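The model shown is predicted, which means the values in this text are computed figures rather than measured ones.
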Amino acid sequence: MSSLLVDNIGELVTNVPAAGGDGPLGLRRGVALLVEAGRVVWIGPARYAPAADRRIDAEGGAVLPGFVDSHAHLVFAGDRAAEFAARMAGEPYTGGGIRTTVGATRAASDDDLRDTVHRLRDEAMRQGTTTMEIKSGYGLTVVDEARSLRIAAEVTAETTFLGAHVVPAEYAGRPDDYVGLVCGPMLTAAAPYARWVDVFCERGAFDADHARAILTVGQSAGLGLRLHANQLGPGPGVRLGVELGAASVDHCTHLSDADVDALADSATTDGSTAGDGSTSGDRQAGTVATLLPGAEFSTRSPYPDARRLLDAGVTVALATDCNPGSSYTSSMPFCVALAVREMRMTPAEAVWAATAGGARALRRTDVGVLRPGVRADLMILDAPSHLHLAYRPGVPLVRQVLHNGVPQCRL
């Protein structure tokens, strides 16, 4: 069995403080890391490192778990740069541009959609993302939602059925009929390719009753729950997600005290699932608040108050929301920098949220951390510390990525 040793590490972020590391990131120095069969099998003092078949010299750079991007929309066609320019000139974001992408996506070939998914997935990998959730939601027909998820499943196990993104034009004025389609034939066609079901619970999209109906049917079909909630204004989405036991409620820009309390109460019990779906305990998992600062950057909207959530004890994740309209970025380092600058997170909190936090939002225990037994997904920075991800915004600091223990192209 081939083995790989990563040594000459300046700082190792483990996200496992109980294993002898410093602070919430479980920082360790003077250590090396051994990989076999795609898994981390040993971490310890570099001077005691076992022999290995191959070696990667980190050259004093920091080593971190790969980013876990738990919210992305990569299956689409078309371009909405003009919409972005209009927002920068002062037009408000309403979510209406989604239908523009729906038209382009329906008209695209499978190969065109596949090329976009692979291009953006590779782009994200070069920036340190080793686990990525991908949603449907730009097809909004039975055939197009199923093919979107089938294509997404070629590159990730974390696929999400988002047939309830918006009501498509052909169902204008008939939202109940469209919800019936989503809960019936569309879910039946999409479920074999999906792990999760999601709803855009927002004014102009789906109300709480519609969201509850879709999520409940999706859960009965064996799908985990996610929810777009409280992005454009206050609403019932966050508390609905907590009530139903959703793994994550995403955006969380406009929150009441009751919303924050509900999230904090849910975080007092946390049972995660490994990549194979097995549970680590019998307790109900908490609902993670996944914040998407790229969307606020691209829509000139107020940023979520991460400090308020963290101080209340809420589990927070960061993700890109990569999509062609409201957040066309695949860069988790960019989102980390935005979270520190605009959302009052410390660099350590932002890095944790972008790695271990994203893993919790996907109910995963095999990624987002570095300890013996987990998947060998990691990045090596061309910098001595995780601090540089926020300290040097916009600089391509990711030098090398290992995914399932396999080195990707040196960057």
Side-chain angles (χ1 to χ4, degrees), residues 11 13-17 21-27 62 64-72 124 127-129 131 229-231 238 248-255 257 259-261 263-264 266-267 270 286-322 327 329-362 367-369 379 381 383 385-395 397-398:
E11 171 189 271
V13 173
T14 68
N15 287 333
V16 189
D22 295 331
L25 295 184
L27 300 179
L64 294 80
F67 290 124
V68 181
D69 186 351
S70 60
H71 185 126
Q127 298 172 87
T129 298
T131 301
N230 299 60
Q231 176 189 7
V238 165
S248 179
V249 289
D250 299 20
H251 287 290
C252 296
T253 309
H254 301 275
L255 299 181
D257 290 344
D259 295 328
V260 176
D261 289 344
L263 287 165
S266 81
D270 181 26
T287 299
V288 175
T290 298
L291 309 183
L292 310 168
E296 279 72 42
F297 177 88
S298 296
T299 60
R300 288 194 189 276
S301 300
Y303 286 90
D305 189 348
R307 183 79 269 135
R308 178 187 181 197
L309 290 166
L310 290 165
D311 289 348
V314 176
T315 302
V316 171
L318 290 174
T320 63
D321 193 17
C322 184
S327 183
T329 180
S330 60
S331 176
M332 288 291 279
F334 175 63
C335 292
V336 166
L338 283 179
V340 172
R341 173 62 181 84
E342 303 291 346
M343 292 167 20
R344 300 195 296 157
M345 297 181 81
T346 68
E349 288 168 340
V351 166
W352 190 95
T355 52
R360 290 199 183 186
L362 295 174
V367 296
V369 298
M379 72 185 98
L381 300 186
S385 167
H386 71 280
L387 295 171
H388 286 242
L389 289 167
Y391 177 46
R392 304 194 70 205
V395 177
L397 293 178
V398 178

Shortest non-hydrogen contact from [X] to [Y]?
{"X": "A264", "Y": "A312", "value": "CB-O, 3.3 Å"}
{"X": "L318", "Y": "C335", "value": "CD1-O, 4.2 Å"}
{"X": "T253", "Y": "P304", "value": "OG1-CG, 4.0 Å"}
{"X": "G358", "Y": "A317", "value": "N-CB, 3.7 Å"}
{"X": "S266", "Y": "T287", "value": "OG-N, 3.0 Å"}
{"X": "A319", "Y": "T290", "value": "CB-CG2, 3.9 Å"}

For [X], check side chain to side chain donor-acceptor pair (under 3.5 Å) against everything at least two apart and list the hits.
{"X": "T329", "answer": "none"}
{"X": "D69", "answer": "T320"}
{"X": "S301", "answer": "T299"}
{"X": "S70", "answer": "none"}

Under the rule for salt bridge (charged side-chain N to carboxylate O under 4.0 Å, His left out), what residues qualify as partners of D259, not counting sequence neighbours?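 D259 satisfies salt bridge (charged side-chain N to carboxylate O under 4.0 Å, His left out) with R239 once adjacent residues are dropped.
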Please enumerate all residues that pass salt bridge (charged side-chain N to carboxylate O under 4.0 Å, His left out) together with E296, with sequence neighbours excluded.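 In terms of salt bridge (charged side-chain N to carboxylate O under 4.0 Å, His left out), with neighbours along the sequence ignored, E296 is linked to no residue.
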Is it true that the side chains of N230 and H254 contain a donor and an acceptor less than 3.5 Å apart?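 Judged by distance alone, the side chains do not pair up.
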Can you find a heavy atom in the side chain of L255 that is under 4.5 Å from one in the side chain of L309?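 Counting from C-beta outward, L255 and L309 do come under 4.5 Å.
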Are any of the side-chain heavy atoms of R308 and D257 separated by less than 4.5 Å?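 R308 reaches D257 side chain to side chain.
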Just by modelled atom types, is the G26 backbone N or O under 3.5 Å from a matching donor or acceptor in the T14 side chain?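 Such a contact is found between T14 side chain and G26 backbone.
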W352 and T346: CA distance, side-chain angles, deciding distance, side-chain contact (heavy atoms from CB on, under 4.5 Å) verdict: CA-CA 10 Å; W352 190 95; T346 68; over 6 Å; no
Taking L64 as the fixed residue, which of V398, N15, L25, V351 is the one that meets the side-chain contact (heavy atoms from CB on, under 4.5 Å) rule?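 With L64 as partner, V398, N15, L25, V351 yield a single side-chain contact (heavy atoms from CB on, under 4.5 Å), made by V351.
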Set of residues satisfying side-chain contact (heavy atoms from CB on, under 4.5 Å) with respect to A124, sequence neighbours excluded: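 For A124 the side-chain contact (heavy atoms from CB on, under 4.5 Å) partners, ignoring immediate neighbours, are R121, T129, M132, S330.
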Tell me the ring pair (Phe, Tyr, Trp, His ring centres under 6.0 Å) pairs involving residues 286-312, sequence neighbours left out?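 Sorted result for residues 286-312: F297-F334.
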Within this structure, what is the SG-CG distance for the pair C252 and L263, rounded to the nearest 0.5 Å?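 Here the rounded value is 6.0 Å.
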Keeping to residues at least two apart or across chains, list the salt bridge (charged side-chain N to carboxylate O under 4.0 Å, His left out) pairs with something in residues 337-355.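 The answer is D305-R344, R307-E349.
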Name every donor-acceptor pair, under 3.5 Å, that has one atom in a side chain of residues 386-395 and the other anywhere in the protein, sequence neighbours excluded.
residue, atom, partner, partner atom, Å
H386, ND1, E11, OE2, 3.0

Might you work through the side-chain contact (heavy atoms from CB on, under 4.5 Å) test for T355 and V13, ending with a clear yes or no? CA-CA 10 Å; T355 52; V13 173; 5.7 Å; no
